[in-house]
Protein chains: 2
Amino acid sequence: MESTPVTPEQEPLETVERCAGADPEHPRPDGRDRYTISEVAAHTGLSAHTLRWYERIGLMPHVDRSHTGQRRFTNRDLDWLSLVGKLRLTGMPVADMVRYAELVRQGEHTFEERQALLEQTRRDVLGRIAELQGTLAVLDYKIDFYADARRASERAWA
Amino acid sequence: MESTPVTPEQEPLETVERCAGADPEHPRPDGRDRYTISEVAAHTGLSAHTLRWYERIGLMPHVDRSHTGQRRFTNRDLDWLSLVGKLRLTGMPVADMVRYAELVRQGEHTFEERQALLEQTRRDVLGRIAELQGTLAVLDYKIDFYADARRASERAWA
DNA sequence: TATGACCCTGAAGTGCACTCCAAGCAAGCG
DNA sequence: CGCTTGCTTGGAGTGCACTTCAGGGTCATA
């Protein structure tokens, strides 16, 4: 018995939060729009604990509740979590994601600041990729060294 | 007054630990071979605390001491730290670096395991780069969205 | 209606990689 | 000689991102 009917006019939360990060490997459980916390946990790979914690620290845009107070996540929440998952993969600290969530809550006049935040993140990601590629050079150098040394010592026994 | 003369025959520690990760941006302080902890901190960017901590957890191959018990790092230590720095950039956990350091201490018969460890690290780095590139797609998508939206709203005022 | 799986909360705990602290020794300088 | 600066130690503290706990309430099904 779910008391709260789906309010058709929720705050906008921008279509942009909807379409990015379509996730083909975890197909959304069919046509429903109200998921329990464990369903969302299974879908996102986050633990139920983590989902509650995200909500507490302001990283979720106000999750719906059933008449008895249990969380009921919507498809919009799933979309948001998919974006959060991507931002987490960038290495963005949680505090910055909370900041971004705040900006989204504040409406369209924060577009500029949101864009700036994502552009900074983009630069960080590019830098990190470059760093990692730098480590690959050293890794390859040393892997080759060990491979050569082992080949040489085998030849010595032949 | 440095008591311990530089023992010419130290344990091998393999030439490979010497040559990888030559660091052109922090030129080594000229021809010396005995550095204080703060010199090494300045050179590596690590704090003196961290250098002591590295030693305590077994991530350093036994650092030399002056007659009064102060640490005296050698060029070999600097080389090792430069490698450790690279491994740290890969995201390798400290525990794994300690494992690698143990293998180095144990001598040449651990070449195979060392190679395997670095190859696993290499795979991890490649995976991480792919992840990051995946996030770039989402970032670019959303940055474009905000840029377009802002351009559109500017046009609306014109 | 009873049972077992699921959900709720606030608070405390965990693991990682440092980072800082207190108390003390040692070297160089006026 | 005193002062400052730098080094030593063991142990405690920090920040982050969860994770677990204690002590309950709720839901579906037999």
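All values below were derived from every heavy atom in this structure, side-chain atoms included, with hydrogens, water molecules and symmetry-related copies excluded.
Just one residue in the list B:Arg99, B:Arg122, B:Glu112 forms a side-chain contact (heavy atoms from CB on, under 4.5 Å) with B:Leu117, and that residue is B:Arg99.
The phosphate of D:dC7 has neither OP1 nor OP2 within less than 4.0 Å of any side-chain N or O from B:Ser66. At the phosphate of D:dT8, OP1 or OP2 sits under 4.0 Å from a side-chain N or O atom of B:Arg71. Here A:Thr68 does not reach the OP1 or OP2 of C:dC8: none of its side-chain N or O atoms lies under 4.0 Å away.
Going from atom CD1 of A:Ile37 over to atom C1' of D:dT19 covers 14 Å, rounded to whole Å. In this structure, CD1 of B:Ile57 is placed 11 Å from C1' of C:dC16, rounded to the nearest angstrom. A straight line from CZ of B:Arg56 to P of C:dA17 spans 15 Å, rounded to a whole angstrom. Atom CD in B:Glu55 sits roughly 11 Å away from atom C1' in D:dT8 (whole-Å rounding). If you take CG of B:Asp64 and C1' of D:dC7, they are 16 Å apart, rounded to a whole angstrom. Regarding B:His67, its NE2 atom lies at a distance of 12 Å from the C1' atom of C:dC25, rounded to whole Å.
Of the residues in residues 46-54 of chain B, those with a non-hydrogen atom less than 4.0 angstrom from any atom of DNA chain C are B:His49, B:Thr50, B:Trp53, B:Tyr54.
Side-chain contact check for B:Gln115 versus A:Lys142: every heavy-atom pair is 4.5 Å or farther apart. Between A:His43 and A:Leu78, some side-chain heavy-atom pair lies under the 4.5 Å cut-off. B:Gln70 has its side chain out of reach of B:Arg65: every pair of non-hydrogen atoms, C-beta onward, lies at least 4.5 Å apart.
A residue-by-residue look at A:Gln70 and A:Met92 shows that A:Met92 has its nearest nucleotide of DNA chain D further toward the 5' end.
By the side-chain contact (heavy atoms from CB on, under 4.5 Å) test, B:Arg56 is found to be paired with B:Trp53, residues two or more places apart in sequence or in another chain being considered.
Within the nucleic acid shown, B:Arg88 comes within 4.0 Å of sugar-phosphate atoms alone, with no base atom in reach, counting heavy atoms only.
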